[in-house]
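Report on the following structure.
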Amino acid sequence: MVLLCASTSPTISIPHPLFSPLKPPATFLCHSSKTSAVTASSPTADQTPSSSSLSDQLLPLSLTLLTSQPTSPSATVAPPPRLPAKPTWTNPSKPRPTVLALRRQPRPPFSHNPSLRPLTALSRTLRLSPDLPSALSAAFPPGHSPSRDDALLLLNSLRSWQKSLQFLDFLRSLPDFPLDTIFYNVVLKSLRAGHQWHHVERLAGEMIDASVPLDNITYSTIITAAKRCRRFDGALRWFERMYRTGLMPDEVTYSAVLDVYARLGHREEVVTLYERACASGWRPDAVAFSVLGKMFGEAGDYDGIRYVLKEMKDLGVKPNAVVYNTLIQATGKAGKPGLARSLFEEMVAAGLSPNEKTLTSLIKIYGKARWSRDALELWERMKSNRWPMDFILYNTLLSMCADLGLEEEAEKLFEDMRRPDRYARPDSWSYTAMINIYGSGGKPDRAVKMFEEMLEKGVELNVMSCTCLIQCLGKARRIGDAVRVFETATERGIRPDDRLCGCLLSVAAVCEEGGETDMVLGCLKKANNRLVGLLKMLRDEQVGFGEIKDEFRGIMNEAAVEVRRPFCNCLIDICRNQGHPSRRANELLHLGNLYGLYPGLHARKSEEWSLDLRSLSVGAAKTAFEEWMKSLWDSVVEEEEVLPFSFSVYTGSGTHKFSQGLASSFTSHLNQVAAPFRQVEEKCGSFVASKEDLVPWLRATFSPAVVNA
DNA sequence: TTAGGGTTAG
């Protein structure tokens with residue numbers, strides 16, 4: 001029996017959803033293996049190669065701690081663990097491998113310093129001093145070294161990593177000063193606050209060189225510093241070093257590392273580590289469950305969240321406010337607003353007060369789910385219970401109003417923020433939300449007014465407010481104004497991002513051919529010249545599909561995942577609206593499908609085939625419909641497939657601000673081509689046709705006699 | 001906030 005069952009071999013079939021294969025990486029269009037978030041490691045004395053595989057990471061553990069166990073790589077493949085049952089150790093003659101110390105590192109009680117008052121004055125002087133080394137020399141002339149406790153207290157109060165390092169140098173210069181682990185730990189913490197990963201590693205190396213022991217507090221500080229600097233490779237390297245040097249992590253260090261793996265998206269490793277710690281006798285605490293809950297939320301893994309809830313219940317761990325906040329947010333990310341709501345009610349019923357973070361998460365969830373009633377009820381409760389509000393919560397409420405189209409409520413909130421006694425003054429997020437509200441409500445004048453007010457009041461401009469306003473002006477066909485907003489933004493140092501590029505593409509799609517389009521493409525050229533290049537290729541009859549495909553893939557790989565489909569939609573719209581070669585729209589739709597931008601477009605049940613157009617733009621929807629009809633005609637001609645009794649098309653009802661108009665545009669398209677689809681009366685945005693009606697229409701539309709005529 | 005881990009906005 002192999003106890004180190006850490007293999008992540010993809011060939012093992014794993015029954016529980018927690019162990020399902022990881023989702024495809026964000027760079028799925030690319031054939032390279034650039035999927036790891038692990039950054040390059042910096043050189044240290046005890047560097048080991050960073051790896052994303054747990055078996056590699058823990059190999060030293062298996063060598064140092066599990067010497068009685070087989071350690072050859074081939075022997076590390078074990079039957080997959082099953083959840084939620086705890087691993088059972090089938091060989092009682094062998095001791096359980098221990099992966100963490102069950103007792104936390106003890107901390108001596110803080111020793112109260114009798115000379116606190118004069119020290120407070122000195123710590124203030126040192127904190128404010130522009131020249132710390134001189135100030136220290138003045139305060140502690142030769143022969144008057146600070147006591148250990150005084151030095152520790154002063155070091156703790158400096159609030160600047162540079163000064164912490166200088167203070168450490170000063171202590172080092174004193175004869176016989178007992179510079180122990182604690183001093184280094186305090187400086188490491190200060191370096192962590194300053195995001196100084198390089199100095200953290202350097203200082204830890206100095207501890208090793210000077211034979212100052214590294215303890216659990218040292219390691220947990222180093223590991224969280226690495227995390228804060230997004231140097232996950234470094235975090236794992238130092239964690240591994242603990243085992244190699246014979247120091248057992250305690251639960252604080254261990255849960256810090258669980259979070260590192262979680263942030264890397266290595267969920268299987270997290271679960272394995274979690275289970276192994278439990279098997280060592282660990283009773284996980286709220287922090288560990290918070291890490292697990294957040295991880296499953298990020299992955300949209302509802303089963304994982306339920307697993308966390310069940311584990312807590314089984315182990316009798318009561319969630320605290322942080323755990324509730326994490327789980328509420330996680331359920332939102334997993335697309336389960338109902339569970340978020342019940343967790344919130346459970347939290348309140350348990351006597352825990354929701355804080356700003358709880359309410360921010362919940363309001364955001366209700367807004368995204370378009371649960372107006374719940375959102376408004378919660379808002380009322382917030383007011384009547386005087387639950388705490390901060391500017392993030394205000395802004396989230398405003399964004400929720402934008403999602404739900406609650407213009408009046410948003411205006412009230414915004415006015416409330418402008419009251420002079422409010423500390424939550426409107427900032428760029430608040431203005432963006434208001435521009436968004438007016439933009440999606442078709443009120444470009446008001447949106448422009450908000451933007452101008454933002455500029456007048458010196459509120460820092462951000463890319464999102466410009467994007468929302470340009471979008472709104474584009475929809476209103478005020479192309480010149482949209483271009484001016486873009487120019488103002490870039491003049492003020494706004495760097496266009498992918499969303500803004502997508503927005504410019506959508507504006508280009510509604511432009512008149514010629515001057516208007518050229519103006520918008522002039523903006524786009526400054527933001528993403530490659531997109532303008534692709535548009536030129538699409539326009540050029542001579543450019544072949546292979547070239548288009550290569551460039552399309554290159555652009556999509558460079559683009560953020562969430563803009564890829566909008567990019568493709570807009571490109572199709574431009575091709576259709578601007579007189580590009582007629583095959584281009586179909587080519588782009590084909591590429592979009594090829595690269596998985598339109599999952600679930602087609603569905604087939606025995607009695608009905610359907611086309612779900614809800615994530616498509618108007619042009620892309622028409623293209624997809626045409627393609628579908630052609631493919632159905634092929635089926636009729638080839639008689640290879642038995643057609644179902646009915647066919648349906650979904651456009652969505654247009655309640656979402658981004659899908660507005662698809663249902664009505666599609667209706668007119670159906671009328672134009674006289675297709676026999678009828679809108680389902682009780683279901684807005686749903687169209688059906690029977691086989692009886694559709695086949696004659698297909699014949700009339702696509703049969704060679706008609707096409708050649 | 002006194003040497004260590006987990007939670008808020010397009």
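The sequence lines fix the lettering, A, B, ..., with proteins before strands; numbering per chain opens at 1.
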Quiz item: Hey, does the side-chain of A:Asp250 have a donor or acceptor N/O within less than 3.5 Å of a partner on the base of B:dG5?
Solution: no
Practice problem: Could you state the atom-to-atom distance from CG of A:Leu327 to P of B:dG6 in whole Å? | Solution: 16 Å
Practice problem: Decide yes or no, distance alone: a donor-acceptor N/O pair under 3.5 angstrom between the base of B:dG4 and the side-chain of A:Thr221. | Solution: no
Exercise. Could you tell me whether A:Ala433 contacts a base, only the sugar-phosphate backbone, or nothing, with contacts defined as non-hydrogen atoms closer than 4.0 Å?
Key: nothing
Quiz item: Base, sugar-phosphate, or nothing for A:Asp180, non-hydrogen atoms under 4.0 angstrom?
Solution: nothing
Quiz prompt | A:Arg418: partners by side-chain hydrogen bond (donor to acceptor under 3.5 Å, both in side chains), with sequence neighbours left out | solution = A:Glu415, A:Glu453
Practice problem: Run the numbers on A:Glu411 and A:Tyr438 for side chain to side chain donor-acceptor pair (under 3.5 Å), then give the verdict. | Solution: CA-CA 10 Å; A:Glu411 283 172 342; A:Tyr438 291 134; 2.4 Å; yes
Quiz prompt | Closest to the A:Asp215 side chain, choosing from B:dA9, B:dT7, B:dA3 | solution = B:dA3
Practice problem: Give the minimum heavy-atom separation between A:Ser361 and A:Ile328, together with the two atoms involved. | Solution: CB-CG2, 4.2 Å
Quiz prompt | Rounded interatomic separation in angstrom, taking CG from A:Leu188 and C1' from B:dG5 | solution = 16 Å
Quiz item: Is there a stack between A:Phe289 and B:dG6, judged by ring centres under 5.5 Å and planes under 30°?
Solution: no
Exercise. Taking all heavy atoms of A:Pro496 and all of A:Thr490, pick out the closest pair and write down the distance.
Key: CG-CG2, 4.3 Å
Quiz item: Which nucleotide sits closest to the side chain of A:Asn320: B:dG6, B:dG5, B:dA9?
Solution: B:dG6
Practice problem: Report yes or no: is there a donor-acceptor pair, N or O only, under 3.5 Å between the side chain of A:Thr432 and the base of B:dG10? | Solution: yes
Quiz item: Taking CH2 from A:Trp387 and P from B:dT8, how many angstroms apart are they, rounded to a whole number?
Solution: 20 Å
Quiz item: When we call it a touch if two heavy atoms are under 4.0 Å apart, what does A:Glu356 touch: a base, just sugar-phosphate, or nothing?
Solution: base
Quiz prompt | Short side-chain to backbone donor-acceptor contact, A:Ser290 and A:Val323, under 3.5 Å | solution = no
Quiz item: Given B:dG6, is OP1 or OP2 found less than 4.0 Å from the side-chain N or O atoms of A:Asn325?
Solution: no
Quiz item: Checking all strands, does A:Thr326 fall into the base, sugar-phosphate, or nothing category for heavy-atom contacts under 4.0 angstrom?
Solution: sugar-phosphate
Exercise. Report the nucleotide, chosen from B:dG4, B:dG6, B:dG10, that has the shortest atom-to-atom distance to any side-chain atom of A:Asn462.
Key: B:dG10
Quiz item: Are A:Lys189 and B:dG4 close enough that a side-chain N or O sits under 4.0 Å from OP1 or OP2?
Solution: yes
Quiz prompt | salt bridge (Lys or Arg N to Asp or Glu O under 4.0 Å) evaluation trace for A:Arg446 with A:Glu407 | solution = CA-CA 11 Å; A:Arg446 291 202 186 181; A:Glu407 193 177 303; 3.5 Å; yes
Quiz prompt | Gap between atoms CE and P, on A:Met464 and B:dG10 respectively (whole Å) | solution = 9 Å
Exercise. Determine the interatomic distance between C1' on B:dG5 and the same-named atom on B:dA9; round to the nearest Å.
Key: 25 Å
Self-check item: Sugar-phosphate, base or nothing in reach of A:Val323, heavy atoms under 4.0 Å
Solution: base
Quiz item: Between the base of B:dT8 and the side chain of A:Asn355, is there a donor-acceptor distance below 3.5 Å?
Solution: no
Practice problem: Please determine if a side-chain N or O atom of A:Lys364 lies less than 4.0 Å away from the OP1 or OP2 oxygen of B:dG10. | Solution: yes
Quiz item: A:Arg124 has an atom CZ; how far is it from atom P of B:dT2, in whole Å?
Solution: 21 Å
Practice problem: Take atom CE of A:Met242 and atom P of B:dG4, then tell me their distance rounded to the nearest Å. | Solution: 16 Å
Exercise. Select base, sugar-phosphate, or nothing to describe what A:Arg192 touches, counting heavy atoms under 4.0 Å on all strands.
Key: sugar-phosphate
Quiz item: Do you know which two heavy atoms are closest between A:Val260 and A:Ala235, and how far apart they sit?
Solution: CG2-CB, 3.8 Å
Quiz item: What nucleic acid atoms does A:Thr218 come within less than 4.0 Å of, heavy atoms only: base, sugar-phosphate, or nothing?
Solution: nothing
Self-check item: Atom-to-atom span, CG of A:Leu154 to C1' of B:dT1 - whole angstrom
Solution: 15 Å
Self-check item: Short side-chain N/O contact from A:Arg499 to OP1 or OP2 of B:dG10, under 4.0 Å
Solution: no
Practice problem: Tell me whether the centres of the aromatic rings in A:Phe183 and A:Phe177 are closer together than 6.0 Å. | Solution: yes
Exercise. Mark yes or no for a side-chain to base donor-acceptor pair under 3.5 Å between A:Asn436 and B:dG10, with no hydrogen or angle criteria applied.
Key: no
Quiz item: Out of B:dT7, B:dG5, B:dG4, which has the shortest distance to the side chain of A:Val287?
Solution: B:dG5
Practice problem: Could you check whether A:Tyr254 gets within reach of a base, just the sugar-phosphate, or nothing at all, counting any heavy atom under 4.0 Å? | Solution: nothing
Quiz item: Is A:Gln329 near enough to B:dT8 that one of its side-chain N or O atoms lies under 4.0 angstrom from OP1 or OP2?
Solution: yes
Exercise. Looking at every strand, decide which applies to A:Val186 at a 4.0 Å heavy-atom threshold: base, sugar-phosphate, or nothing.
Key: sugar-phosphate
Quiz item: With rounding to whole Å, what would you report as the distance between B:dT8 and B:dA3 at their C1' atoms?
Solution: 28 Å
Quiz prompt | Selected nucleotide, minimal atom distance to A:Asn156 side chain, candidates B:dT2, B:dA9, B:dG4 | solution = B:dT2
Quiz prompt | Main-chain N/O of A:Gln105 paired with A:Asp250 side-chain donor or acceptor, under 3.5 Å | solution = yes
Practice problem: Could you tell me whether A:Ser399 contacts a base, only the sugar-phosphate backbone, or nothing, with contacts defined as non-hydrogen atoms closer than 4.0 Å? | Solution: nothing
Practice problem: Determine if A:Tyr219 stacks with B:dG4; use a centre-to-centre distance below 5.5 Å and an interplanar angle below 30° as the criteria. | Solution: no
Exercise. Looking only at side-chain atoms of A:Gln105, point me to the closest of B:dG6, B:dA3, B:dA9.
Key: B:dA3
Practice problem: Give A:Arg104 one of three labels, base, sugar-phosphate or nothing, depending on what nucleic acid heavy atoms sit under 4.0 Å from its own. | Solution: base
Quiz prompt | Nearest listed nucleotide, side chain of A:Lys368, among B:dG5, B:dT7, B:dG10 | solution = B:dG10
Quiz item: How far does the P atom of B:dT1 sit from the matching atom of B:dT7, given to the nearest Å?
Solution: 16 Å
Exercise. Considering just the side-chain nitrogens and oxygens of A:Lys294, establish if one lies under 4.0 Å of OP1 or OP2 belonging to B:dT7.
Key: yes
Quiz item: Just how far, in rounded Å, is P of B:dT7 from CE of A:Met312?
Solution: 15 Å
